[in-house]
2 protein chains.
Amino acid sequence: MARPIDFYFDFSSPYSYLGAQLIEPLAARHGRSVTWRPVLLGAIFKVSGMAPLTEIPLKGDYSRVDFARSARFHGLPYRHPEPFPISTVNTARAMLWWLAEAPARAPDFARGALQAFFVENRPINDPAEIGRLTAELGGDAPALLAALQAPALKERLRAAVDEAVARGVFGAPFFFVDDEPFWGQDRLPQIARWLAEGPY
Amino acid sequence: MARPIDFYFDFSSPYSYLGAQLIEPLAARHGRSVTWRPVLLGAIFKVSGMAPLTEIPLKGDYSRVDFARSARFHGLPYRHPEPFPISTVNTARAMLWWLAEAPARAPDFARGALQAFFVENRPINDPAEIGRLTAELGGDAPALLAALQAPALKERLRAAVDEAVARGVFGAPFFFVDDEPFWGQDRLPQIARWLAEGPY
């Protein structure tokens with residue numbers, strides 16, 4: 001049985017939104033599943049010394065052009081949210097709850113939240129919004145909102161970020177295919193070749 | 001007549017080496033020419049606050065994997081040079097000399113120097129190496145080496161870097177197609193679509 005693709009993503013990352021839309025169909029074409037791994041780029045940037053794209057002189061202006069054009073290139077809707085970036089600590093914890101409580105629907109929650117932010121510009125870190133997204137998917141919103149207050153999910157997210165950094169994750173989306181690292185939605189063609197032909 | 005593609009590149013940039021191999025055939029398929037514009041990432045990073053890829057924690061280790069794999073993906077040879085990165089101020093000035101003195105052969109000089117560094121690991125910023133590459137292409141090596149000592153080329157390179165920054169160039173390779181900015185060799189698929197279909 002071929003190993004799942006590890007997909008590290010951040011809920012405030014435009015390229016993660018694109019990756020979340022594109023990785024499952026690509027994996028499925030090659031008989032692979034996807035393991036969804038939410039992380040917090042803000043915490044990871046403390047290790048790497050990097051800054052959010054839009055805050056870097058020159059690169060920030062370009063990135064806004066590239067977010068929208070890359071979405072159009074893939075035929076996906078995109079409306080740049082303001083404020084941006086935002087904290088997504090609650091959203092990431094909620095994703096861990098979904099992964100534990102109803103793993104089969106967790107990818108739907110992730111895609112739903114990413115679309116809510118990057119298409120509808122909704123405040124996806126607000127518990128009320130997280131409750132709405134959860135209820136729409138038939139999840140137990142009161143249970144999730146209670147879990148967001150408890151220490152267990154906080155600990156689990158901290159451990160998830162530490163694990164990602166230990167594995168070398170410095171940005172998002174970040175993929176591992178058979179332990180080979182691929183950073184960025186623009187590496188999907190390289191991933192496709194790896195899935196089709198194996199290591200190169 | 002369709003406008004040339006502006007191709008900004010740095011002689012110490014692995015992705016510029018890949019871009020230099022790939023952009024001319026792509027442009028030619030769509031009836032476009034390429035304007036080669038050498039820059040110095042070191043000078044540009046002073047504006048953006050960015051650092052060389054290989055010096056960033058976590059990202060540095062990944063970048064070495066990605067340089068080599070991206071080359072294999074495109075079927076191009078690659079041997080990571082050490083030391084890396086290097087100053088390429090003489091190489092970039094030499095390219096400006098070629099562009100002024102023998103523009104039709106200037107792309108050959110650029111590709112030759114990039115290959116000398118990223119495949120043969122030669123010290124391409126050394127005047128002796130620049131003279132050798134120039135002579136191999138039938139250029140007037142003594143004239144070039146004399147010009148490297150004079151202030152004109154230094155001024156011209158400084159102006160070229162300033163112009164690039166004013167246009168928003170923060171990395172390399174950087175392309176403008178009909179004034180639309182594209183950063184990175186991994187944007188070549190997006191450029192291909194733009195060339196085939198126009199703005200999207």
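Numbers restart at 1 for each chain; the letters A, B, ... are given by sequence-line order, proteins then strands. Fair warning: this is a prediction, and the values are worked out from it, not measured in the lab. What you see below is based on every heavy atom in this structure, not just the backbone, and it leaves out hydrogens, waters and symmetry mates.
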- Task: Could you look at A/V65 and say if it's the side chain, the backbone, both or neither that has a heavy atom under 4.5 Å from chain B?
- Result: side chain
- Item | Heavy-atom check, side chain of A/D186 versus side chain of B/Q190, under 4.5 Å | no
- Task: Find out if a path of hydrophobic residues (ILVMFWY) with successive side-chain heavy-atom gaps under 4.5 Å connects A/I23 to A/V119.
- Result: yes
- Query: Who wins among B/S70, B/G184, B/P189 for the most heavy-atom pairs under 4.5 Å with chain A?
  - Reply: B/S70
- Query: A/F73 and B/R193: which non-hydrogen atoms are nearest, and at how many Å?
  - Reply: O-NH1, 2.9 Å
- Message: Report which part of A/V165 has an atom under 4.5 Å of a heavy atom belonging to chain B: side chain, backbone, both, or neither.
- Response: both
- Task: Under 4.5 Å, heavy atom to heavy atom: which of residues 54-64 of chain B reach chain A? Give them by number, or say none.
- Result: B/I56, B/P57, B/L58, B/K59, B/Y62
- Query: Should A/F67 and B/I191 be counted in the same cluster of Ile, Leu, Val, Met, Phe, Trp and Tyr side chains packed under 4.5 Å apart?
  - Reply: no
- So CZ of A/F182 and CZ of B/R69: to nearest 0.5 Å the spacing works out to 4.0 Å
- So if you build clusters from Ile, Leu, Val, Met, Phe, Trp, Tyr with side-chain heavy-atom gaps below 4.5 Å, do B/W183 and A/L53 land together? no
- Tell me whether A/M50 is reachable from B/F170 by hopping between hydrophobic residues (I, L, V, M, F, W, Y) whose side-chain heavy atoms are closer than 4.5 Å. no
- Checked A/G171, A/G168, A/G49, A/P181 vs chain B; the most non-hydrogen pairs under 4.5 Å come from A/P181
- Message: Taking side chain as everything from C-beta outward and backbone as N, CA, C, O, which of these in B/F174 sits under 4.5 Å from a heavy atom of chain A? Side chain, backbone, both or neither.
- Response: side chain
- Query: Same hydrophobic cluster for B/F176 and B/L22, using side-chain heavy-atom links shorter than 4.5 Å among ILVMFWY?
  - Reply: yes
